[in-house]
Amino acid sequence: MSQAAKKDTPEQAEYRAYCRKWIEENRPEEPDFRLPLQAIEVMDEGVKEYLQTWQKKAYDGGLIGVDYPTEYGGGGKSGMQTIANQELAAGDVPYFINVIGLGMCAPTIFHHASEELKRRFIPQILSGEMIWCQGFSEPGAGSDLASCNTSVVKKGDKWIVNGHKVWTSLAHYAGWMIALVRTSNHDKYKGLSFFVLPVQDTKGVTIRPLIKITGETGFNEVIFEDLEVPDSYRLDDVGKGWTVAMTTLTHERGAGTLVGPNTGMSARGATRTQRLLELAKKCRRNGKPAIDDPFIRDRIALVAVWEEGLAQNQRRAKVPGLTDDPMRIPLQGKVSFTELAQLAATVALEIEGQASSLYIADPMAPDSGTWPLTFLNSYGNTIAAGTSEVQRNILGERVLGMAKSK
Amino acid sequence: MSQAAKKDTPEQAEYRAYCRKWIEENRPEEPDFRLPLQAIEVMDEGVKEYLQTWQKKAYDGGLIGVDYPTEYGGGGKSGMQTIANQELAAGDVPYFINVIGLGMCAPTIFHHASEELKRRFIPQILSGEMIWCQGFSEPGAGSDLASCNTSVVKKGDKWIVNGHKVWTSLAHYAGWMIALVRTSNHDKYKGLSFFVLPVQDTKGVTIRPLIKITGETGFNEVIFEDLEVPDSYRLDDVGKGWTVAMTTLTHERGAGTLVGPNTGMSARGATRTQRLLELAKKCRRNGKPAIDDPFIRDRIALVAVWEEGLAQNQRRAKVPGLTDDPMRIPLQGKVSFTELAQLAATVALEIEGQASSLYIADPMAPDSGTWPLTFLNSYGNTIAAGTSEVQRNILGERVLGMAKSK
Amino acid sequence: MAQPKDFGFGEDEKMVRDSARKFIGEHGSIEKLRKLVGGDPDPEKSPESLYDAPAWEQIVELGWTALAIPEEAGGVGMNMATVAALAEVVGGHAFPSPLIASLLTTLVVREASGENRNELLGEIAEGKRVALAVTGNEGAWDIDSATIEVAASGGSVVLSGFSRYVQDGGKAELFLVAGRSAAGLGLYAVPADAKGLKVTLDQIVDRTRDQATLELDGVELPASAVIAAPADGTQVLEKALPALLTVVAADMVGASEWQLQTTTEYAKTREQFNHPLGFFQAVKHPIVNMMLEIDKAKSLVYAAASAIDNKPENAERFARMAKAQASDTAAFCSDRSVQLHGGIGFTWECDVHFFFKRNKHNQFLFGDGAYQRSKLMKILAG
Amino acid sequence: MAQPKDFGFGEDEKMVRDSARKFIGEHGSIEKLRKLVGGDPDPEKSPESLYDAPAWEQIVELGWTALAIPEEAGGVGMNMATVAALAEVVGGHAFPSPLIASLLTTLVVREASGENRNELLGEIAEGKRVALAVTGNEGAWDIDSATIEVAASGGSVVLSGFSRYVQDGGKAELFLVAGRSAAGLGLYAVPADAKGLKVTLDQIVDRTRDQATLELDGVELPASAVIAAPADGTQVLEKALPALLTVVAADMVGASEWQLQTTTEYAKTREQFNHPLGFFQAVKHPIVNMMLEIDKAKSLVYAAASAIDNKPENAERFARMAKAQASDTAAFCSDRSVQLHGGIGFTWECDVHFFFKRNKHNQFLFGDGAYQRSKLMKILAG
């Protein structure tokens, strides 16, 4: 019995057993293609459908949206999503594609939308039938989200949307977007409002893929030109956009009140340390096995210590006696894990040496050239969703209480 | 013939030959005590007298103050101090004790003091007969010098000084101080003025040694309580203190119009790399010669590359074709050299391993325990005279033109 | 055996830790520390061993010296998480005391199986001040580096040679000495007043402890002094090593956390350029980095503690990681704590130097980060 | 011979450099680079070798291919500082061209003494596109790592095996190939269209160059193809090595300076939180650190160049230092140039990725920082 299971109430134990049995019986067949590492990297229609089918099945099986009330298509069993998540992780099943919808849109809608919107949108997000995206960043509003400038102007009983959102993951599949917008220029924060906006095949909306430094696509820019939407698409009051956005970001950081299903990085696979050890055993550095090179050994050991330190952080975060401030470890997660991934990829290139020049289509590339790709992509993660610099501000200000830097 | 000598004018060549001969004939006898690394570390009366005698001799010989006009006790030979400096460095002679006076006080007085003060003070500074100190820093004014709060208030035709200066090198031997002070609270910068103040055995002045983290003394705090001084001790106009201070700091950074004699670190001795190599050859790390340890080898090589890089920077700074911005390398000097020294001391402790615990009075300590001492003292240099953080602001703003951070 | 999710740090363990925080918070306050070891700063003065003897007696009464001793040997038998927590509190106050030396010695003795083990543990529990003398002439970090020679002489043994870098040896009434004979390493209880033993205090940078060199010139001991028989000593020391590393790492975690909190506090209160220092990212971000490093080190310390108790096959791996991370953390936090305090941080009157020096000392004790990583790689990659 | 204080970089050398700045500034502008190699970003597409052929012809006319060739072999005989300066300009524009490969090959050939050396140098001077094929199957960095086997066959030689990581091999009309026979390493001129030679373009990350793998299946060459006789090859390559390292280091210095200037410019213009980015020390200070690293690297590059010309006994030492520092500088500047550009820096449309990838490539070419430091220590400490 797992440690978590030991503390189950009878109701939780029953649900856990149900989940486990359901997963055993409904595990999707192994795909004949390689799944991308994360949902937001899905670019192929076939992959998308495979994942969408899987999500719908898991939703119908009662493993998604368990904490949401039944009137919004949820399971109505508060506190149970965590159980389902543990079993999904243990079951080594694929992730769900509607990652932005589940993690950010549904909680935001639940906390701030009208009854009508909640009944309309939450079920389709949970089931994955409609994919959602999030529109916060703009060319002029990166780390400084509140300088958002997408203008929404009242015209009769409609609102007219004009603006430019960027880094919009999954917009190429999304039907709807949650959007932080500007309804007034008089105040930076109080001039912000929050809407749900239709983005699929919609007049006034152009979606264009952005190309990453890797050469891959994977996110988009979304341009609004005189898009008309009704007032009913607004969340919370005019001028309350920043407050709503804080709900979204809190859930993005995993610190919200509603637990999303496991949709992030797959828990499966080897640790980074193991992968580097394997790589160093098969690569040669200056003609000798890289694993025998003292410099490489020190670097791999550094990754090993860091990686294990973060894993043990997660363990310690749940021990109140060893964490004087409950937010201290959780708020470190983003910067720590993304920078670890970047270091590990850096070390991988050092192991490969000259061979790190070889990209993914080169037959001689070690590990099929995925390390240079991983290295390049690692910057997406140290930049997106609050750069490492912004994360350090947050930690210095919220955890340590130092003066705001901006 | 040295490279520098090759470009001498006949007048310079003649003076150079004079210097060389003078040094040969007047080199001070080797002392029977160990000279501290820098003048500001001199704490012993005997050492002080030895150095003061040497400075007076060199002054009388015409090797100090060469660029200053004869009416202020100088040599009246503009541009010649550089020649004397080169020969002093090549001659491997001791430094001059009046380092603050020569490097900061004399140029400041020359540029901003009354004719009377110039005639009175510059000769005694150049000859070293009177040791001078500098009073800028205060407990509340470290990096932010302009928040200086030592109050100087007019009372009849006198000024009354009250305040607290800290980190005052050589104050324990000094007769006079150049001081940045506050004459008005209405404006941060325009409220500053500049004075010369008597500090030796003077009513209203208390000098107390400050103890460093090494346990050594070496600088002081100077407390003024109702010290009365005449208006003639003022430099430049009331409210022009910041302008005067800039002259001082420019000369401190070696970028001023008046070249001081060679008074800083002695140029003699082995490079840091050589000293680390020697140390690693004689120390054992985990029972094996440290010089065979791959980690230690990498670290020493890192110091070697850095040290040579800075040495070659100095060479390149004089080649206009290879330096698009003439201030770029000189302004890096402070942060680069102090951080190199800190790294080298860090590596020395790594070489010593467990033996780095042993301090200067332990007979078993490698290199007589000087490395832990050097390591601790290295922070004095990354903090004093503009912390490394302030230096990076200066470089980012003055060289690269980025926005001011304060 | 599965490792407990909470590292074995439950309510009982927390109670001990909290009582340590309270007691050492009071008897090891910064004011007391300053008074005790901050006196004459002259770096050329003779070394001294300074600690609060009455506080030590109370510590014995509180039972901390019995904490790591198994119940069957008359101790309290608390787990390794408790020992680590205690060491963390000691480090967090840079508390000069025989306690760490007592814990380190206990952790070795309890791995021995000789008939005299329990008696010695009993003496330690009752407050005998002990220190570990296992390091040889060259200060090598490998735990079996002792260079003292042992000869048999009738029913007794005779020890000769040097033992160096004996932590808090100046406080000890008895040393656990590793000595080498043809049969291998053995461990011997050597009273501080043994004939032929000369204890010299090293002059060290860190004032919050002492360090001694032992010279044994034919020290003759009865058979009862043998704690681990020749040939058993290496195994005993190797078995104890993860716990030794964990204790020293925990001490550094505590001291580094002190550096973090103190530097943060300074950054909140000290103003320059019309802002508190912490407004400036050149101050704020390095302080955040201190926190990131400390948390990894702390988690690894408790992971190591938990492995020692519950999964010994992982103990060395986690303990190497903990000591590697804690050593680098200690070096980084020490560096930034002085630098970010600016001028005041460079003075003797500012307390940061006590923790700076304690951390620099512990960084190298039993091996620094690079050494631990090289040993770790032998486990991970062979 | 004393080293010149100005690294040998006087008025003549400056003139060449300035004309390179002008020419490459025009023909290698960022707009042209974007157009030339920024086209289809698909990472799975087949590799191509892309460069501006008309510009190359002009470069030959400008005499840059004769620059490093001694006068007695019909070249211009400029010093190494000029070559370094040229490479720095090329790197500063990430300029795709056969020029670097031509210079690297020249620097090797000119150290040879065989009777065919001058003829080959003459062809290079006249614009024959050449590339250096000295790296063996395993991509080892030691300069004598070639694995191609050479057999004598009557008056001719026969070469078989692989040569990997041939820089800009896709542009070459002729390869200088290192091959091994019982007598040792020799150097051979192998025409790109030789029978039995197969040139395959590697698919590489860096788009501003190409890289090829040569497969030689019994390539038969006349005696005139021997540039360095067996047994001479190693010495020739070792003598040339400091110059090779210096050229690659100079390329990185140029590219890193581009990263510095471009990131600085972005930090001045991009505003967030009502301030230009450069107001924030989390942006400003890393940019300053880029500058500090670049300046050391640049100074070491010219020190190495000067040593090669004037004090050969110091050449390897300075060149190892230059390549070590430049490799680490390139890695650091690449890292910060993307991170500090934020989201835009992560896109294909932003030019930083060209320089990022070129620098990452050069970082490992002929050995990265750690490798160079290990070789340096053999010089410094044995």
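In what follows, chains carry the letters A, B, and so on, assigned in the order in which the sequence lines appear, proteins first and then strands, with residues in each chain numbered from 1.
- For the options A:R297, A:M402, A:R316, heavy-atom pairs under 4.5 Å to chain C are most numerous at A:R316.
- Salt bridge A:D367/A:K282: present, at least one basic N to carboxylate O contact under 4.0 Å.
- For A:T273, the part sitting under 4.5 Å from any heavy atom of chain C is the side chain, from C-beta outward, and nothing else.
- Both the backbone and the side chain of A:L395 come within contact range of chain C, each with at least one heavy atom under 4.5 Å from a heavy atom of that chain.
- No part of A:A280 comes within reach of chain C, as not one of its non-hydrogen atoms sits under 4.5 angstrom from that chain.
- When C:E265, C:H285, C:E293 are compared by the number of non-hydrogen pairs under 4.5 Å with chain A, C:H285 comes out ahead.
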Can A:W371 and A:T374 be said to form a side-chain contact (heavy atoms from CB on, under 4.5 Å), step by step? CA-CA 5 Å; A:W371 283 111; A:T374 301; 4.3 Å; yes
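- Only the side chain of A:L277 comes within contact range of chain C, judged by heavy atoms closer than 4.5 Å.
- Residues A:K281 and A:D292 are not paired through a salt bridge, judged by the lack of any N-O separation under 4.0 Å between the basic side chain and the carboxylate.
- With C:F7 as the aromatic partner, A:R315 meets the cation-pi criteria of under 6.0 angstrom to the ring centre and within 45 degrees of the ring axis.
- If you tally non-hydrogen atom pairs under 4.5 Å between each of A:R328, A:Q332, A:E308, A:K318 and chain C, the highest count goes to A:R328.
- Taking the six-membered ring where tryptophan is involved, the planes of C:H275 and C:F279 are essentially parallel, since the angle between them stays under 30° and well short of 60°.
- For C:W141 and C:F366, the ring centers sit 6.0 Å or farther from each other.
- You'll find the side chain of C:S256 reaches within 4.5 Å of the side chain of C:N359, heavy atoms only.
- Between C:K14 and C:D18 there is a salt bridge, since a side-chain N of the basic residue sits under 4.0 Å from a carboxylate O of the acidic one.
- In this structure, chain C has a heavy atom under 4.5 Å from the side chain of A:D324, while its backbone stays farther away.
- Considering only heavy-atom pairs separated by less than 4.5 Å from chain A, the leading option among C:R320, C:Q372, C:Q325, C:Q281 is C:Q281.
- Residue contact with chain C, scored on non-hydrogen atoms closer than 4.5 Å, involves the side chain of A:V319 exclusively.
- Checked by atom type, the side-chain pair C:D351/C:T262 shows no donor-acceptor distance below 3.5 Å.
- Heavy-atom pairs under 4.5 Å with chain A were tallied for C:Q261, C:E11, C:R373, C:M321; the largest tally goes to C:R373.
- Between C:H341 and C:Y266, the ring planes lie parallel to each other; the angle is under 30°, not in the 30° to 60° tilted range.
- With a 4.5 Å cut-off on non-hydrogen atoms, C:A267 touches chain A through its side chain but not through its backbone.
- For the set C:L300, C:L380, C:L277, the count of heavy-atom pairs under 4.5 angstrom toward chain A peaks at C:L300.
- Contact of A:Q391 with chain C is not made at all, since no heavy-atom distance falls under 4.5 Å.
- C:F23 and C:W64 have perpendicular rings, their planes meeting at more than 60° on a 0 to 90° scale where under 30° would count as parallel.
- For the set A:P294, A:G321, A:G396, the count of heavy-atom pairs under 4.5 angstrom toward chain C peaks at A:G321.
- At a 4.5 Å heavy-atom cutoff, the contact between C:L376 and chain A is made by side-chain atoms alone.
- Contact of C:K375 with chain A is not made at all, since no heavy-atom distance falls under 4.5 Å.
- Heavy atoms of C:Y302 lying under 4.5 Å from chain A belong exclusively to its side chain.
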